[in-house]
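What follows is a short report on a single structure.
Since this is a predicted model, take the numbers as computed values, not measurements.
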Amino acid sequence: MRYDLVIFDNDGVLVNSEPISNRLLAGYLTELGHPTSYEDSLRDYMGGAMHRVHDLVLERTGRRLPSDFDDVFHGRVFAAFERELEPVPGAVDVLEKLAADGVAYCVASSGSHARIRTGHRKTALDRWFDDERIFSSQDVGRGKPAPDLFLHAAERMGVAPERCAVVEDSPLGVRAAVAAGMDVYGFTAMTPADRLAGATRLFGDMGELADLVLA
């Protein structure tokens, strides 16, 4: 099946940000008295919007995170991005092939617009994504695993959901894509394949993706 639109998750799919952000999130939550390991953060929060962190902490402890939690966390993340962030190997090659083949693409991320743009600027992916190709959970009422963000992106790009392929590396994202009625390609570079079991297809090397979605 040839798709009319490829929708990329951002963190862990286009930019190698998941190790950075989950390390910092685990550390900050632990500082605040909510002991969290890196593995805990990956399991509970990878692929989700910030409200998920607030909701789970409140549900588990009965305590709310500080009102400036998001600002402090993002400040730490953005500073680390400037030092450490790299594009996912093979991501640029995939974008080049989609563009050459005339297949539309965009990004739909649980991260904020500021986070997406900061990461793209640091990794030089900004040349591939103008404002019309960037969608954030900030744009919709519910983040992943709800389908809202992917449906919003497809609508704005003018493509029916069944003609979309989503590229995701988190269980929350896979669930969101399935709920949106879209095929989803689960990227297993960081996530065990069994956690992405609902995906249409699994792959472990971004260099494989173009052949899968352009076939």
| request: Would you kindly say whether Arg115 and Ser21 are connected by a side-chain donor-acceptor distance under 3.5 Å? | output: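 Yes, because at least one side-chain N or O of Arg115 sits under 3.5 Å from a partner of the opposite role on Ser21.
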
| said: Side chains of Thr191 and Asp169: any donor to acceptor distance under 3.5 Å? | reply: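 No.
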
Rounded distance (nearest 0.5 Å) linking atom [atom1] of [X] with atom [atom2] of [Y]:
X      : Y      : atom1 : atom2 : value
Cys164 : Asp4   : SG    : CG    : 7.5 Å
Leu42  : Asn22  : CG    : CG    : 4.5 Å
Leu25  : Ile20  : CG    : CD1   : 13.5 Å
Met206 : Phe203 : CE    : CZ    : 4.5 Å
Asn10  : Cys106 : CG    : SG    : 11.5 Å
Asp55  : Met50  : CG    : CE    : 11.0 Å

Check this for me, if you would: do [X] and [Y] make a salt bridge, where the nitrogen-to-carboxylate-oxygen distance has to be below 4.0 angstrom?
X      : Y      : value
Arg156 : Glu132 : no
Asp44  : Arg60  : yes
Arg142 : Asp148 : yes
Lys122 : Glu84  : no
Arg117 : Asp131 : yes
Arg201 : Asp183 : no

[X] side chain vs [Y] backbone, donor-acceptor pair below 3.5 Å:
X      : Y      : answer
Ser170 : Gly173 : yes
Gln138 : His113 : yes
Asp211 : Glu208 : no

| request: Could you label the plane-to-plane angle of the Phe129 and His120 rings as parallel, tilted or perpendicular, counting under 30° as parallel and over 60° as perpendicular? | output: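 Judged by the thresholds at 30° and 60°, the geometry between Phe129 and His120 is tilted.
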
| Do the ring planes of Phe78 and Phe81 sit parallel (below 30°), tilted (30 to 60°) or perpendicular (above 60°)? |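 Because their plane-to-plane angle lies in the 30° to 60° range, the rings of Phe78 and Phe81 count as tilted.
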
Evaluate the side-chain proximity of [Y] to [X]: yes if any heavy-atom separation is below 4.5 Å, no if none is.
X      : Y     : value
Val167 : Val94 : no
Phe69  : Tyr28 : yes
Trp128 : Leu14 : no

Are [Y] and [X] connected into the same hydrophobic cluster when the rule is that any two of I, L, V, M, F, W, Y join if their side-chain heavy atoms are below 4.5 Å apart?
X      : Y      : value
Val107 : Val140 : no
Leu209 : Leu125 : yes
Leu214 : Met157 : no
Val174 : Ile7   : yes
Val88  : Tyr185 : yes

| said: Taking atom CZ as the centre, does Arg43 end up with more than 12 heavy-atom neighbours from other residues, nucleotides or ligands that are less than 6.0 angstrom away? | reply: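 Counting neighbours around CZ of Arg43, more than 12 heavy atoms of other residues, nucleotides or ligands fall under 6.0 Å, so yes.
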
| Above 12 or not: heavy atoms from other molecules or residues under 6.0 Å from CD of Glu31? |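 Enclosed: over 12 neighbouring heavy atoms sit under 6.0 Å from CD of Glu31.
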
| query | Do you know which two heavy atoms are closest between Ala177 and Val184, and how far apart they sit? | reply |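 It is CB-CB, 3.7 Å.
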
| Picking from His51, Arg52, Lys144, Met46, what satisfies side chain to side chain contact (heavy atoms under 4.5 Å, CB included) with Ser110? |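 Of all the options given, the one that passes is Lys144.
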
| task | Assess Arg133 against Tyr105: is NZ or CZ under 6.0 Å from the centre of the six-membered ring, and within 45 degrees of the ring's axis? | result |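 Output yes; distance and angle both within limits.
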
